[in-house]
Amino acid sequence: MATEQQNNKGGRKGNVKIAVNPEFEHLQPQVVDMEVKILGALMCDQDAFSMVSDRLTAEMFYDPRNRKIFEAIFALNMNQRPVDLSTVSEQLRRQGDYDEIGGLDYMLEIDNAVATAANVVYHVQVLNEKFLARQLISYSSTIQTKAFDATNDVNEVMQEAEANLFALSQKNKKSDFVQVAPVVKQAMDQLSKAYANKGGLTGLPTGYAKLDDMTAGWQASDLVIIAARPAMGKTAFALSIARNLAVDNKIPVGFFSLEMSNVQLVNRLISNVCEIDSKKILNGQLDNMEWAQLDNNLGRLADAPIYVDDTPGMSIFELRTKARRMVREKGVKMIMVDYLQLMNANGAKFNSRQEEVSTISRSLKGLAKELNIPVIALSQLNRDVEKRDNIKGGEKTIDSHVPQMSDLRESGAIEQDADMIMFIHRPEYYRMFQDSHGRDTRGKALIIIAKHRKGATGEVELEFKGQYTRFQDPQSQPDSPRNTFEGLVVDSKANSMRSGDPADEDDPFNNVPIEDLM
């Protein structure tokens, strides 16, 4: 419990006593005199509450008496009742707090503290700063105590510190309304830039012609989710995007790999950039021509501004810290995360994994907005995709195993937070090798834009070079990006679900557990 003491150096003003927390050796940051003026303003001006209600809470008051009085004022405003000396006193009596706060003497002192609410907004701003300072002191004291305790895991203590600071910064991050004129100017500036760019790109290039046409590129502040079942090529697609940006266009990219080591990831990039079979990259059995390809192209990859972090089990708070450094120190223009479900939110307590994934998803969206860059996060899909068999005439139809929003694993919040959701679908994975027009579907992938907050949804066909872990534009573009694989039929020799993909069977990097394919 807090005690009261007189501050002989000016900490006491009139009959106002300053509450002192005995946990600390000296007074915490506080402005009790401003607390009294704020309460007086709220009691003398009916409009004062609406001016500060979005930035003022009871916990911000240092003196517990002032906290109880504000709770009474808040209750009256919520019930749309008048606020003055008499009504606040009566509300305090109903709460059982009237005598505890000092009764009529203290209420009169507050009522006489100010005659106008002219400075109430500034006073609340100062009060908020002192409240934040007290919270920081409290957090640091708790962390210090735990750090001295040898039985605590240092990494867990650090994660808890990050979680508390992140929660504090998010809680106090507010933006005010603005008049539309400067926003219109900003929108017109973007429109002018888009007009000057004859290619129609307003964001970072995807590297794929029809995907650029549908999305206008990767947009700043967007959270993009790329989701698929295991072995569909999520990481290969992400690395192809990174290669298009960093190798071909020299645009810095940050890649957080929670599943693979740096060396595994770079091996895939070498295969992608140099167009050398990934199996040969692993066993080193390159012929003379392939060694020449490696020599000619490896420098392009080595010079590419790709920054990789392979910290396993990374928390969202650690990722945010590293991402900020990448942007500040390396000028990174895009962050990629492989993959979302492998992250955690250490330091915070959750009732379920779904709640934790929701926090991670929301934090990634917040990171994209804060850094004003696109954030691409890979995500797993649940097993419902594998069970979705639609049969017509004894054969599977095109919509068999096609991913849907509801297939996103562990959290519906991913669907809500994402600005764009893309699925990867390769029919050959399910032994669909030919469509009704006789077109070969092997080595073909459908990129399905299922959600797009700023534009159209639809499908884009790409080629998948499994041996190079690479996606690329098809040699001959289909006439329409929609319904690309309409009329798929199931190979008559393989009417059961596959256990392996011909394009992936020889891929040494395909280390997905077999149970995830069942």
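- Between Y208 and F471, the shortest heavy-atom distance links the atoms OH-O, 3.0 Å.
- Here the side chains of P230 and Q380 are in contact, with some heavy-atom distance below 4.5 Å.
- Across all non-hydrogen atoms, the minimal contact from S361 to L223 is O-CD2, 3.8 Å.
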Start with the C-alpha distance between L367 and I316, add both sets of side-chain angles, then the distance that settles side-chain contact (heavy atoms from CB on, under 4.5 Å), and finish with yes or no. CA-CA 10 Å; L367 180 65; I316 181 60; 5.8 Å; no
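- D303 meets the side chain to side chain contact (heavy atoms under 4.5 Å, CB included) test with K250; sequence neighbours excluded.
- A search for side chain to side chain contact (heavy atoms under 4.5 Å, CB included) contacts involving A72 returns V88, Q91, L92, Q95, not counting sequence neighbours.
- In terms of modelled atom types and a separation under 3.5 Å, the side chain of R134 and the main chain of M60 share a donor-acceptor contact.
- In this structure, the side chains of L340 and L378 stay at 4.5 Å or more apart for every pair of heavy atoms.
- Between P252 and K330 there is no side-chain heavy-atom pair separated by less than 4.5 Å.
- No side-chain heavy atom of F423 sits less than 4.5 Å from a side-chain heavy atom of I226.
- Of the N and O atoms on the side chains of S257 and D338, not one donor lies less than 3.5 Å from an acceptor on the other residue.
- Environment of NZ in K451: crowded, with over 12 heavy atoms of neighbouring residues, nucleotides or ligands closer than 6.0 Å.
- Residues F255 and L239 have side chains in contact (heavy-atom distance under 4.5 Å, counting atoms from C-beta outward).
- One finds the CD atom of E463 at 5.0 Å from the CD atom of Q472 (value rounded to the nearest 0.5 Å).
- Between atom CD1 of residue I225 and atom CE of residue M422 there is a gap of 11.5 Å, rounded to the nearest 0.5 Å.
- At distances below 3.5 Å, at least one donor-acceptor pair connects side-chain atoms of S140 with backbone N or O atoms of L136.
- Here the side chain of D417 pairs a donor or acceptor atom with the backbone of R362 at under 3.5 angstrom.
- In this structure, E35 contributes its side chain and Y62 its backbone to a donor-acceptor pair below 3.5 Å.
- The backbone N or O of I251 sits nowhere less than 3.5 Å from a side-chain atom of N249 that would complete a donor-acceptor pair.
- Shown are V266, V308, L265, D310; of these, the side-chain contact (heavy atoms from CB on, under 4.5 Å) with M260 is made only by L265.
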Applying side-chain contact (heavy atoms from CB on, under 4.5 Å) to R268 and Y468, what does each step give before you reach the verdict? CA-CA 8 Å; R268 285 193 168 210; Y468 303 145; over 6 Å; no
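- Enclosure of atom CZ in F74 is not indicated, since only 12 or fewer non-hydrogen atoms of other residues, nucleotides or ligands lie within 6.0 angstrom.
- N272 and S240 share a side-chain donor-acceptor pair at under 3.5 Å.
- Dense packing is recorded around NZ of K234, with more than 12 heavy atoms of other residues, nucleotides or ligands lying under 6.0 Å away.
- R65 forms a cation-pi arrangement with Y106, by the criterion of a distance under 6.0 Å to the ring centre and an angle within 45° of the ring axis.
- To the nearest 0.5 Å, atom CG of residue D33 and atom CG of residue D63 are 11.5 Å apart.
- Two residues are said to be in side-chain contact when any heavy atoms from C-beta on lie closer than 4.5 Å; E370 and R320 meet this criterion.
- A search for side chain to side chain contact (heavy atoms under 4.5 Å, CB included) contacts involving V263 returns S261, N267, not counting sequence neighbours.
- Listed for the N77 side chain is a donor-acceptor partner under 3.5 Å among the backbone atoms of I73.
- Put simply, the side chain of L301 reaches to within 4.5 Å of the side chain of I270, judged on heavy atoms.
- In this structure, E100 and K68 approach most closely via the heavy-atom pair OE2-CE, 3.4 Å.
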Is there a side-chain contact (heavy atoms from CB on, under 4.5 Å) between Q30 and K130 once you walk through the steps? CA-CA 6 Å; Q30 43 74 33; K130 300 300 181 184; 5.5 Å; no
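- No donor-acceptor distance shorter than 3.5 angstrom exists from the side chain of D222 to the backbone of D419, with no hydrogens or angles considered.
- Applying the side chain to side chain contact (heavy atoms under 4.5 Å, CB included) criterion to D153, with sequence neighbours excluded, gives N155, E156.
- Heavy atoms only, all atoms of each residue included: R453 and A418 are closest at NH1-O, 3.3 Å.
- Not one N or O on the side chain of S141 forms a donor-acceptor pair closer than 3.5 Å with the backbone of I137.
- Within the model, atoms CD of E59 and CZ of R67 stand 9.0 Å from one another, a figure rounded to the nearest 0.5 Å.
- The CD1 atom of I376 sits 14.0 Å away from the CZ atom of F256 when rounded to the nearest 0.5 Å.
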Evaluate S221 against N372 for side chain to side chain donor-acceptor pair (under 3.5 Å), listing each step before the verdict. CA-CA 4 Å; S221 79; N372 196 34; 4.5 Å; no
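- Counting non-hydrogen atoms of neighbouring residues, nucleotides and ligands closer than 6.0 angstrom, the NZ atom of K369 reaches no more than 12 such neighbours.
- D248 meets the salt bridge (Lys or Arg N to Asp or Glu O under 4.0 Å) test with R243, R300; sequence neighbours excluded.
- Note: M314 CE to L319 CG = 5.5 Å, rounded to the nearest 0.5 Å.
- R426 places no side-chain N or O within 3.5 Å of a backbone atom of A445 that could act as its donor or acceptor partner.
- Annotation: ring-ring contact (aromatic ring centres under 6.0 Å, His included) contacts of F70 (sequence neighbours excluded): F61.
- Side chains of F464 and R470 form no contact here, defined as non-hydrogen atoms less than 4.5 Å apart.
- Of all heavy-atom pairs spanning A147 and V157, the tightest one is N-CG1, 4.5 Å.
- More than 12 heavy atoms of other residues, nucleotides or ligands sit less than 6.0 Å from atom NZ of K322.
- Between I424 and A228, the shortest heavy-atom distance links the atoms O-CB, 3.8 Å.
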Determine, stepwise, if the pair L269 / I306 fulfils side-chain contact (heavy atoms from CB on, under 4.5 Å). CA-CA 10 Å; L269 277 170; I306 301 177; 4.2 Å; yes
